Amino acid sequence: MTPEQSIPDHLLSILVRDEPRVLTRITALFGRRGYNIKSLSVGTTEHPGVSRMTIVVSGDRGVVEQAIRQLEKLHDVVKIIDHSLEKYVDRELVLVKVAINPDTRVEVRQIAEDFRSRIVDVGRHALTFEVTGDEGKITAFVEQLRPFGILETMRTGRIALTRGSNADIPGHVYHSGETQALHPTLPAEPREERAREVPNMF
Amino acid sequence: MNGARALWATLASHGISTVFGYPGGAIMPVYDALTFYPEVRHVLTRHEQGAAHAAEGWAKATGELGVCMATSGPGATNLVTGLADAMLDSVPLLAITGNVASHLMGTDAFQEADITGITLPITKHNYVVRDVAELPRVVAEAIRIARSGRPGPVLVDIPKDIQLAAYHGEIPAPQARPEAPAPSSEAIARARELLRGARKPVLMVGGGSLDAAAEITALARAWDMPVITTLMGLGTFPASDPLWLGMPGMHGSVAANRAISEADVLLGIGLRFDDRVTGRVSGFAPQAAIIHVDLDAAEIGKIVRTHVPVRGDAALAARALAQEAQPPPRAEWHAQLRDWQARTETPAHWGAGYAVKAVVERLHPDDLLSSDVGQHQMLAAQLARFEKPRRWINSGGLGTMGFGLPAAIGAGMAEPGVRSVVIAGDGGFQMTAQELATLKMYDIRNVKICIINNSYLGMVRQWQELFHEKRYSEVWLGDSNPDFLKLADAYDVPGYRARTAEELPGAIAAWLADPKSALLEVVVPHEHGVFPMVPAGAALSEMIETEPARPGAPTPEASEA
Ligand SMILES: Cc1ncc(C[n+]2csc(CCOP(=O)(O)OP(=O)(O)O)c2C)c(N)n1
């Protein structure tokens with residue numbers, strides 16, 4: 001799936017100092033301003049003391065830009081990568097527990113194989129599968145199994161990395177240099193309800 | 001040396017001369033250590049909110065860091081209003097709180113409150129110190145964060161055991177402020193291009209421009225453009241200059257609001273387009289291309305559509321923009337502006353506006369003028385004529401009643417040689433009136449308190465009059481107000497009173513001439529409105545310019561207090 005198709009969901013990676021309350025600070029910022037977090041994954045990174053969050057936010061471009069600029073002000077935020085601006089890989093892990101009976105057992109296993117899913121638990125009346133993949137693959141897998149009766153699912157939320165070597169990683173690096181949020185190639189976007197025709201523009 | 005002494009040593013090394021605070025169990029080691037640091041003066045207020053606002057008053061007057069301090073739990077939560085106020089007005093403030101011992105934190109121990117959790121959304125950053133070895137470094141970093149970029153409040157919470165633990169490290173020296181970011185030359189070039197084509201430009205400056213007054217003034221003159229100063233920006237451009245149009249927004253001047261509504265280019269510097277400034281956003285500067293200069297990238301494009309975003313320091317941007325100024329002839333625009341300026345009414349009849357005007361007319365340009373929150377605040381903002389920045393000490397963003405007196409004390413202590421005048425309402429004054437004790441305790445002589453007593457929570461009453469069919473709900477104070485002169489006398493503060501226009505000049509003169517801090521109560525008619533007014537939700541162009549006639553306005557039954 002190309003990043004374009006995922007709009008208006010925006011995938012952000014946020015590198016943060018691993019300090020107490022840092023997760024609260026970030027989520028409180030989103031919550032207070034009414035930006036909806038659709039998924040959130042947090043883990044450690046290759047740098048001690050730095051954690052990485054992948055956040056999926058929904059909203060138009062203006063909402064996301066404003067969110068980025070607000071995040072940029074947090075002392076704990078080291079770097080923000082807006083994946084919609086670059087090529088990236090993203091994955092999600094899901095556990096799906098699906099009901100089976102002697103008639104459906106083989107068919108369910110076959111679907112799982114087609115998706116290269118692994119069985120992680122076998123019961124008399126249910127099988128639990130593990131799938132990793134991008135959002136589209138996981139959604140397709142879940143949809144295939146739905147008719148058999150899904151008992152439980154748990155998704156981890158998306159995680160993402162930019163393609164290419166680290167040297168290529170774009171992003172806004174804070175507390176050391178100038179923000180790119182206002183780079184002339186990225187003029188401030190109006191929120192939709194505020195947009196209006198203005199004479200005298202360039 | 002223990003952690004508490006390391007704290008004072010760090011504050012002293014950073015040049016902190018005055019701290020406003022209030023002791024308690026969880027901060028006792030810090031108060032004990034204070035006795036070893038005579039170079040730092042501690043001012044005991046009568047409430048932690050007073051300490052926070054006094055520190056703000058200090059910071060607003062000087063532009064330097066204000067410092068306040070409180071114990072855990074109830075002491076810390078009493079700072080909350082001041083922190084929120086400092087956050088919204090971008091005031092550099094350091095708050096130090098004690099907390100219960102580390103092992104008790106999170107156990108609902110006596111006087112424990114999760115103050116870092118509570119203040120998370122109203123501080124620029126906050127810390128809990130978990131290791132004494134970190135304490136001086138954290139305090140130094142907190143000071144740097146509070147002062148750098150867009151200033152704001154930072155809280156450092158120190159558990160009691162950390163205050164008592166032995167510290168063997170160095171005391172950090174203050175770091176130089178990071179250099180102010182310069183605007184990009186492309187952005188400046190685009191802004192200049194717009195200004196060259198502008199027939200009806202307006203320059204609007206806010207609190208972020210206070211330290212760029214000279215550059216702003218030069219910029220306005222170079223481009224021959226009128227200047228509007230927001231509530232937070234009053235004084236950034238001299239009121240005596242004919243290019244000054246006054247304040248914009250809900251209680252802005254006719255000229256300012258009309259100019260915004262008609263402008264073809266609006267250059268905003270160091271302001272955040274607060275809703276009290278813009279009115280209905282879709283009706284704000286409907287014909288203007290907007291150039292927005294701000295240090296804080298998050299402010300640009302947040303509220304209004306910005307055509308030329310300029311991120312950078314106000315002074316550097318103003319200086320850059322003033323270069324190569326080529327203003328086209330704008331005689332028509334100036335004629336129009338003069339016409340609007342002439343519509344500024346001066347309060348001719350006895351009332352709150354008349355009284356406020358009489359007081360502010362007697363001020364010297366160096367005098368500090370604080371206000372509390374309400375009608376008197378808007379009247380003071382409309383009627384005072386500021387020639388310099390950082391003379392107007394006011395709670396803009398949060399609109400905090402109770403701000404005025406402690407802020408005037410803080411500002412007055414920062415500049416003991418200058419008069420620190422505060423105008424308050426009879427409502428707001430009573431929220432922090434106990435700070436009269438602070439005046440007495442430190443024998444502060446330069447604070448002049450003026451209470452505009454209309455026996456009402458006037459601003460709320462005005463809204464009830466206009467928008468709730470005069471159902472005056474819970475705004476009458478007249479029966480229960482104290483005798484303000486007796487109250488002042490109880491604290492050894494001399495009092496003066498005026499009830500009529502005739503009494504007023506003499507009372508003002510005696511009040512200002514008193515060698516001590518003094519209180520003047522001006523008893524004014526109960527029902528007076530502040531106009532012009534833009535009703536909430538309306539566009540600036542829908543401003544009500546003058547007070548509507550009030551045939552037989554109702555008075556409450558007990559109106560003769
Ligand atoms: C702490 C706080 N509580 C409530 C308000 C709401 N409020 C705004 S103005 C006002 C009335 C102020 O009355 P007063 O101090 O008598 O001044 P006046 O408007 O009469 O000049 C009130 C209650 C506020 N701004 N701050």
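Lettering of chains follows the sequences in order, A, B, ..., and the numbering in each one begins at 1. What you see is a predicted model; the values in this text were computed from it and never measured.
The nearest pair of heavy atoms linking A:T132 to A:K137 is O-NZ, 3.1 Å. For the pair B:D313 and B:L316, the tightest heavy-atom approach, listed with the atom from each and the gap, is OD2-N, 3.0 Å.
Residues of residues 135-155 of chain B that come within less than 4.5 angstrom of chain A, heavy atom to heavy atom, are B:E141, B:R144, B:I145, B:R150 in numerical order.
Ring geometry, A:Y88 versus A:H83: the interplanar angle falls from 30° to 60°, so the pair is classed tilted.
Residues meeting the side-chain contact (heavy atoms from CB on, under 4.5 Å) test with A:Q110, sequence neighbours left out: A:E113, A:D114.
A ring-centre distance under 6.0 Å is found for B:F284 and B:F273.
A:K38 has a carboxylate O that lies under 4.0 Å from a charged side-chain N of A:D9, or vice versa, which qualifies the two as a salt bridge.
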